[in-house]
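Ligands are counted one by one from 1 in listed order, and the atoms in each one are counted from 1 as well. Remember, it's a predicted structure, so these values are computed and weren't measured experimentally.
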Amino acid sequence: MSQTCDVVVLLSGTGSNLQALIDSTRTGDSPARIAAVISNRADAYGLQRARDAGIDTRFLDHKAFEGREAFDAAMIELIDAFNPKLVVLAGFMRILSAGFVRHYQGRLLNIHPSLLPKYKGLHTHQRALEAGDTEHGCSVHFVTEELDGGPLVVQAVIPVELQDSQQSLAQRVHSQEHLIYPMAVRWFAEGRLSLGEQGALLDGKLLAASGHLIRT
Ligand code: GRF
């Protein structure tokens with residue numbers, strides 16, 4: 001088995017993606033190990049999930065800092081104390097400074113609830129419905145300085161049904177997130193996934209611009 005890959009997860013909310021990661025790293029044969037979960041919100045339910053799983057947690061209040069750079073510098077210090085090989089954003093509701101992103105270049109992943117490059121930012125399900133899209137989904141990508149813009153690793157595509165509401169769509173997309181995020185983290189932990197100059201590489205081969213596609 002490959003060496004252990006320590007992962008730090010950053011979140012601000014419910015943490016259902018964290019839960020999927022916890023469950024997937026508990027299977028016994030995954031080299032990924034969640035070393036810590038850090039939140040900028042003390043009441044994030046994700047912190048409780050981590051505590052329940054016996055994982056170290058930290059809270060860092062962004063409101064206690066003057067400006068993004070100062071908060072991000074403190075975050076870097078906190079994260080690096082755990083010496084992670086990978087940092088995973090799982091609903092971390094902060095825009096990251098360029099310095100933070102550069103510091104973790106090639107070892108920072110994010111999940112976004114749309115088929116990027118469509119619908120960067122918020123309200124993605126509503127926007128997909130309003131546009132009359134027949135397909136929607138979620139994306140895991142390496143983080144770069146462009147918001148929701150880094151090289152794609154994997155996308156899950158689902159059909160939009162005529163009767164779909166924002167809630168029903170969100171729920172089905174969320175279920176797909178819980179499949180593709182653990183998959184991408186596992187690839188990284190196994191040393192199969194990396195960030196090259198031209199984009200994301202899986203097993204040494206450049207992935208398509210859309211990343212690895214999964215259709216349901
Ligand atoms: C997910 O929809 C993810 O795509 C986005 O934030 C949400 C986090 O959900 N980045 P949860 O807290 O993991 O349930």
Side-chain angles (χ1 to χ4, degrees), residues 7-26 32 34 36-53 55 57-60 62 75 86-96 100-101 104 108-129 133 135-158 160 164-186 188 200 210-214 216:
V7 179
V8 167
V9 178
L10 310 187
L11 53 74
S12 307
T14 315
S16 69
N17 277 287
L18 168 70
Q19 192 63 55
L21 290 168
I22 291 173
D23 296 344
S24 73
T25 53
R26 289 279 156 94
I34 302 174
V37 174
I38 302 175
S39 179
N40 63 320
R41 294 191 56 119
D43 60 352
Y45 183 58
L47 287 177
Q48 188 55 45
R49 291 183 193 269
R51 285 191 286 268
D52 290 346
I55 297 169
T57 60
R58 296 285 186 277
F59 158 58
L60 194 65
H62 60 273
M75 276 298 270
L86 176 66
V87 177
V88 165
L89 305 175
F92 186 56
M93 300 304 283
R94 298 275 311 161
I95 292 178
L96 302 167
F100 184 96
V101 172
Y104 295 107
L108 183 59
L109 290 175
N110 183 41
I111 189 153
H112 184 76
S114 78
L115 296 174
L116 289 171
K118 271 189 160 182
Y119 312 133
K120 297 175 179 180
L122 299 173
H123 312 302
T124 57
H125 311 302
Q126 187 187 331
R127 287 154 74 195
L129 281 177
D133 291 355
E135 290 187 326
H136 185 43
C138 47
S139 312
V140 175
H141 64 97
F142 279 105
V143 177
T144 59
E145 288 174 42
E146 189 196 341
L147 181 69
D148 298 326
L152 291 163
V153 174
V154 50
Q155 291 193 315
V157 184
I158 60 163
V160 178
D164 260 326
S165 64
Q166 209 178 298
Q167 288 71 21
S168 65
L169 200 52
Q171 202 172 32
R172 294 211 314 289
V173 169
H174 233 131
S175 312
Q176 294 302 309
E177 292 185 22
H178 301 158
L179 297 177
I180 65 170
Y181 219 3
M183 178 186 289
V185 166
R186 188 179 179 132
F188 188 95
S210 59
H212 179 83
L213 272 189
I214 294 175
T216 50

Over 12 foreign heavy atoms within 6.0 Å of CZ, Arg58 = yes
Heavy atoms from other residues, nucleotides or ligands near CD of Gln171 exceed 12 (cutoff 6.0 Å) | no
Please assess His125 against His136 for the test side-chain hydrogen bond (donor to acceptor under 3.5 Å, both in side chains), listing each intermediate value before the final yes or no.
-> CA-CA 8 Å; His125 311 302; His136 185 43; 2.9 Å; yes
Under 4.0 Å from ligand 1 - residues by heavy atom, chain and number |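 Protein residues near ligand 1 are Thr14, Gly15, Ser16, Asn17, Gly91, Ile111, His112, Pro113, His174, Glu177.
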So which of Ile55, Val8, Val88 actually passes side-chain contact (heavy atoms from CB on, under 4.5 Å) with Val37?
->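 One option only clears the test, and that one is Ile55.
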Euclidean distance, Ser114 OG relative to Gln155 CD, rounded to 0.5 Å | 8.0 Å
Any ring-ring contact (aromatic ring centres under 6.0 Å, His included) pairs touching residues 166-186, not counting sequence neighbours?
->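 Every pair satisfying ring-ring contact (aromatic ring centres under 6.0 Å, His included) with a residue in residues 166-186: His174-His178.
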